Amino acid sequence: MDGEVETVGVTAAKRLYPLLIGQTLAIVFTALVLITVARLLTPGPYGLYSFAFGYQAFIDGVSAWGIGIYLARELSTHSYKKDFDSIISTIMSGFALVIPLAIILTVIGVALSGYVANAWFPGVGVSQFSLQAVSLITFFIVLQGSTNQALIGLKKSSYYAFSSVLTDIMQLLFVIILLENGYGVNGAIIGMLLGLAIGTMISVYFLYIAISKYGKFRFEMPTRKGIMGAWNFSLPIAANNFLNNGMQNFGILLLGLFVATSMIGNYGAALKGLSLLALVYGTVSAVQIPTFSDVTQATKTEKLNNTYNKVILYSLLVTVPILVYITVFSAPGLYLMVSGAYATAPLFLSLIAIGSLLNLFGVYVGQLLISKGHTKAVLMYNLYSTVIEALALVVLVYIMPGDQLKVVGAIIASFFMGNIAMTFFFVRGAKRLFMIRFEYARMARLYTAGIILGILLLLWYVTSGFLAGAIGSIALAVLQLLVGAVLTAVLFPILLALMKVISKEDVQNIKKITKNMYGVGRVSELILEYASHFVRLEDVPSA
């Protein structure tokens, strides 16, 4: 592997490793929060909880991620050059926008809560207090989101991971205390608020420590040029995120007009399952912004195309088998987490996971566009796909008969039609803007390996159903999940080798990148050696 490219890959791995470790723990605690809230509230009240957070997420659609991505991208460049003055200037300019944005969005959420609860959605039954409380969460989501992205840009992803885990632990503790004391939906919301507030303060403290590694921290007045630079970069991304997140949560609000609260609860449980998936591919995606930025800094122009393809390929190698596994085993997974009371949630989660699989390539290409500064193009492409999604959402929810099919219609609109459209526009735009040649054939073989894996896992899942009369439901669910995990680990490397997805060069790249990652390096080496027994890993065709 070229020395410069190897350095970039090792740097990306150093960022990704603590994030993956931290996010693995975060998945555990996030799942515990999901289990606690869903089990103690049951589908009806959980529908109110989901609607409240859908309202909050709609108001918070722009979130801090526009400014957060600006901070990750700029700080990655400045930390690469060890330019402390530029680090301070970027931080001050970014947070001069973050804090007012957080306040404005929170005020909007609180101000509209009465209209939403009493005038616009009276049939849902959600209280004005619930919407006011959930609106306060917006301030901390915006602030912590930007702070964590800044930590990634400063190459302190371990701090990000640690603060995320602490946030989840605090939320879990407060939610349990308040729900066990009979505070219901409002208790669950306030518990999430308190945990997030503490977690945000921890993230801000970690950012102070991270900045101090480059020089003595100081406050300085942000310049008009710095603020406008952050604004011009972030605004298209913020609008883009509103189009994506806002439309998804608009779907929840739209369903509030047509379906029973308990069905919204099932949909909400499935979306919480999606949030667990997002912790995985969202973590990989977050690392890609500074990684692509580093590629541009460290790699010669003629080698960029090959490196971009490898970053995307290796990202897919991590995320595809996980999403396939969740698609097949959504029923036993949700049964263990939220009980059998959420009867339709597994169907919804499986459909959402399939839709997310379709969108992975588009998400990673989108990060490539952003890392190169094409934020206005990203906004334009997302606007096109959002128009398609919005039209499909309104039409399908309206015409589908019955509550369950209306939710399925919302999923098809948001996670299939919207995602496919977005991927099409992103890929087309990337080719037009900087003439990148994507290795479609290899990506297709990777997805084919994922499909075959899914079929084989489904065979086990169906076959294991014959054991239902012999062992208890909980034992069967655990057995299905454990055997499914083993089969995924055993079969996917074989399929990658047989489908010629990875080459000898890829094997060496991955070994070098993961070599110094405690635990992961040895596991990665064993998996690669295991795969090599089934087929000789010759160089594979790239197109």
Side-chain angles (χ1 to χ4, degrees), residues 56-79 83-111 135-154 156 159-160 163 196-197 199-201 203-208 210-211 214 217-246 286 289-290 293 366-367 369-379 382-383:
Q56 181 276 325
F58 180 74
I59 296 295
D60 173 40
V62 293
S63 190
W65 297 109
I67 303 171
I69 289 176
Y70 166 81
L71 291 170
R73 179 178 182 268
E74 294 298 309
L75 291 176
S76 177
T77 300
H78 300 324
S79 62
D83 185 349
F84 178 68
D85 289 338
S86 295
I87 289 174
I88 290 293
S89 177
T90 299
I91 291 288
M92 294 302 164
S93 299
F95 281 89
L97 291 174
V98 166
I99 294 175
L101 172 65
I103 294 172
I104 291 170
L105 291 175
T106 301
V107 170
I108 290 174
V110 171
S135 296
L136 297 177
I137 289 177
T138 299
F139 177 84
F140 298 104
I141 287 179
V142 172
L143 185 57
Q144 188 182 49
S146 286
T147 303
N148 286 340
Q149 286 286 311
L151 289 171
I152 292 177
L154 291 172
K156 292 296 180 182
Y159 292 177
Y160 171 16
S163 66
L196 184 59
T200 301
M201 291 186 285
S203 294
V204 171
Y205 174 72
F206 282 157
L207 179 59
Y208 168 79
I211 295 171
Y214 295 88
F217 178 81
R218 66 177 186 268
F219 285 100
E220 65 178 39
M221 287 295 295
T223 64
R224 182 178 183 276
K225 180 180 179 181
I227 292 176
M228 291 307 298
W231 174 260
N232 290 334
F233 182 92
S234 302
L235 182 61
I237 300 175
N240 159 64
N241 287 341
F242 179 76
L243 293 176
N244 287 334
N245 302 331
I289 293 292
S293 179
Q367 299 300 74
L369 288 168
I370 291 171
S371 71
K372 297 286 286 183
H374 295 292
T375 56
K376 292 182 180 178
V378 169
L379 172 60
N382 261 298
L383 181 60

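The shown structure was predicted, so the numbers you read here are calculated from the model rather than taken from an experiment. For this chain, numbers begin at 1 and follow the sequence in order.
Closest heavy-atom contact between Ile91 and Ala150: CD1-CB, 4.3 Å. In terms of heavy atoms, Phe217 sits closest to Ile88 at CD1-CD1, 4.0 Å. Nearest heavy-atom pair across Ser79 and Gly153 is OG-O, 3.1 Å. Between Lys156 and Ala210, the shortest heavy-atom contact is CG-CB, 3.7 Å. In terms of heavy-atom proximity, Glu220 sits nearest to Met92 at O-CG, 3.5 Å.
Between the OG atom of Ser163 and the CG atom of Leu151 there is a distance of 6.5 Å, given to the nearest 0.5 Å. In this structure, Thr138 OG1 and Leu196 CG are separated by 9.5 Å, a value rounded to the nearest 0.5 Å. Interatomic distance, CE of Met228 versus CG of Leu97, reported as 9.0 Å (0.5 Å rounding). Interatomic distance, CZ of Phe140 versus CE of Met201, reported as 7.0 Å (0.5 Å rounding).
Every residue two or more places apart in sequence or in another chain that forms a side-chain contact (heavy atoms from CB on, under 4.5 Å) with Thr90 is listed here: Tyr70, Leu71, Glu74, Leu75, His78. With sequence neighbours excluded, the residues forming a ring pair (Phe, Tyr, Trp, His ring centres under 6.0 Å) with Tyr159 are Phe206, listed by chain and number.
Among residues at least two apart or in separate chains, salt bridge (charged side-chain N to carboxylate O under 4.0 Å, His left out) pairs with a member in residues 85-106 are Asp85-Arg218.
In this structure, a donor-acceptor pair under 3.5 Å is absent between the side chains of Ser203 and Thr147.
A 4.5 Å side-chain heavy-atom check between Leu154 and Tyr214 finds at least one atom pair inside the cut-off. The side-chain heavy atoms of Ile99 and Val142, taken from C-beta on, include no pair separated by under 4.5 Å.
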Next on the checklist: Under the criterion side chain to side chain contact (heavy atoms under 4.5 Å, CB included), I'd like the reasoning laid out for Phe95 against Leu143: C-alpha separation, chi angles, the key distance, then a yes or no.
Outcome noted: CA-CA 8 Å; Phe95 281 89; Leu143 185 57; 3.7 Å; yes

